[in-house]
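For reference, the structure is listed below as structure tokens.
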Amino acid sequence: MKILVINSGSSSIKYQLFDMASKEVMTSGLIERIGLENSRVVHRLYNGGKKREVAKEISVPNHEKGLRIIADLLVDPEHGAITHTSEVDAVGHRVVHGGEHFSATTLIDAEVLKAIRRLIPLAPLHNPPNLEGIEVAMKIFPQARQVAVFDTAFHQTMPPEAYRYAVPNNFYTEHGVRVYGFHGTSHRYVARMAAEYLGKPLEEMNLITAHLGNGASITAIRNGKSVDTSMGFSPLPGLVMGTRSGDIDPAVIFYMAKGVGMSMDEIDTVLNKKSGLLGLAGSSDLRDILKKNEEGNPDAALALALYTYRIKKYIGAYLAVLGQVDALVFTAGVGENSPHIRWHACEGLSHLGISLDREKNEAKIKGITEIHNTESPISVLVIPTNEELEIALQTKALIETAKPL
Ligand code: ADP
């Protein structure tokens with residue numbers, strides 16, 4: 001079985017073609033700057049451990065053209081991995097917002113498309129390009145099953161006390177204002193990998209999973225199900241991120257609007273695109289901040305302190321929520337690669353059952369790695385995330401149980 005995974009963003013399409021027998025990636029790539037000047041395609045072919053890459057500038061005025069270029073590359077005699085697009089059995093689409101409508105991976109039909117479209121007000125930047133990717137894929141791969149995997153779906157198991165806000169009921173009943181949570185595909189994937197690694201059924205595992213990338217969120221998982229998460233109605237709250245503020249007092253927004261005179265759009269842009277590490281210390285890339293910190297830059301030191309303090313606060317909160325925890329998991333760019341962040345986020349938590357081994361934490365991480373010390377009752381694991389593989393696995397599981405076309 002061959003499954004194409006597509007992540008269609010506003011100006012980019014990322015793709016990976018999986019051979020599900022081996023769970024190996026056959027080809028992968030990315031089209032960037034769709035609809036802009038200097039659009040670019042990068043395509044990689046994997047062959048027995050070897051990787052061949054082509055990159056070129058090419059005009060890509062819209063998503064349809066982008067996906068046609070991808071389809072041509074998949075079957076290209078030199079760079080492709082299949083001989084005909086009909087060999088793609090299914091296309092798994094990343095869809096950011098599934099609202100309350102979608103609590104699981106879903107086979108796409110006309111009704112599902114309508115439901116995703118109805119959710120656009122909740123995710124105005126993400127759901128439109130996700131939808132476009134689906135509609136174009138239906139044209140280009142007409143014989144393939146199309147499947148939607150939602151970032152929000154994993155968190156639909158949260159109880160009301162975790163997902164409701166203490167605002168008038170009509171905010172929720174009429175306008176859908178509640179916690180949805182995001183990065184669900186990654187949290188679910190690392191939770192499953194942690195269960196496999198620790199040799200215990202996922203349904204019996206309590207976990208705290210910290211996805212620390214450009215966007216960052218942390219999730220409390222009880223018996224394999226999400227029961228709380230740090231992002232909310234939008235991907236803005238919670239942890240300090242590359243450019244997003246994470247938690248702030250909402251009254252800051254009123255003050256900056258009414259007291260200082262900023263427009264709502266300006267405040268929106270600042271909180272989403274100019275805050276976090278970038279706002280505090282001038283770069284959204286943690287590597288730059290670590291370097292500046294080593295050079296003695298006080299802004300960088302403060303940014304790192306805020307970043308790790310916020311993670312620690314959430315770990316403490318979720319230890320209280322869960323009562324008993326089997327493992328804390330770090331994943332994504334920062335979680336997988338920064339001993340500094342992991343160390344300081346866990347510093348002082350030994351009395352709560354979390355205690356790292358300095359050497360293990362600092363060693364180069366390859367695959368799933370334990371970084372706790374022998375006294376730590378709670379395992380601390382670094383698990384490389386793989387959202388594309390999770391989408392492919394979810395897609396495979398669904399089409400195997402779905403009725404034939
Ligand atoms: P995205 O959310 O865009 O998928 P990633 O998961 O790739 O993001 O994470 C990006 C972040 O990971 C950046 O802040 C980057 O600095 C950080 N990162 C990547 N490699 C390292 C490293 N070796 N050390 C510290 N941080 C790293």
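Every number for a ligand or one of its atoms is a count from 1 in the order of the listing. All heavy atoms count here, side chains included; hydrogens, waters and symmetry mates do not. Here the structure is a predicted model, which is why all the values come from computation and not from measurement.
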query = Can you name the residues that form a salt bridge (Lys or Arg N to Asp or Glu O under 4.0 Å) with Arg68, not counting sequence neighbours?
reply = Glu64
remark   = ligand 1 atoms nearer than 4.0 angstrom to some heavy atom of Gly213 are 2 (O), 5 (P), 6 (O), 8 (O), 9 (O)
inquiry  = At less than 4.0 angstrom from any non-hydrogen atom of Ser284, what atoms of ligand 1 do you find?
reply    = 14 (O)
request  = Would you check if there is a donor-acceptor pair between the side chains of His155 and Ser226 at a distance under 3.5 Å?
outcome  = yes
key: Is_contact(atom 5 (P) of ligand 1), protein non-hydrogen, under 4.0 Å   = yes
task = Look at atom 21 (C) of ligand 1 and say which protein heavy atom is nearest, naming residue and atom and giving the distance to 0.1 Å.
result = Asn337 CB, 3.4 Å
ask   = Which residue supplies the protein heavy atom nearest to atom 18 (N) of ligand 1, what is that atom called, and how far is it?
value = Gly333 O, 3.7 Å
Nearest heavy atom to [atom] wins, so pick from [options].
atom                    : options                : answer
atom 15 (C) of ligand 1 : Thr385, Asp285, Thr331 : Asp285
atom 19 (C) of ligand 1 : Glu387, His211, Arg287 : Arg287
atom 11 (C) of ligand 1 : Val334, Leu286, Leu212 : Val334

request  = Run the salt-bridge test on Glu387 and Arg94 with the 4.0 Å N-O cut-off and return the result as yes or no.
outcome  = no
Evaluation steps, side chain to side chain donor-acceptor pair (under 3.5 Å), between Gln156 and Ser103 = CA-CA 6 Å; Gln156 279 296 305; Ser103 56; 5.9 Å; no
key: Identified side-chain hydrogen bond (donor to acceptor under 3.5 Å, both in side chains) counterpart of Thr209 within the set Arg188, His187, His183   = His187
message = Would you say the ring centers of His344 and Tyr309 fall short of 6.0 Å from each other?
response = no
request  = Answer yes or no for Gly215: is there a heavy-atom contact with ligand 1 below 4.0 Å?
outcome  = yes
task = Could you establish whether Ala216 and ligand 1 come within less than 4.0 Å of each other, counting only heavy atoms on the residue side?
result = no
query = Does Asn214, backbone or side chain, put an N or O under 3.5 Å from an N or O of ligand 1?
reply = yes
ask   = Got more than 12 heavy atoms from elsewhere within 6.0 Å of NZ, Lys65?
value = no
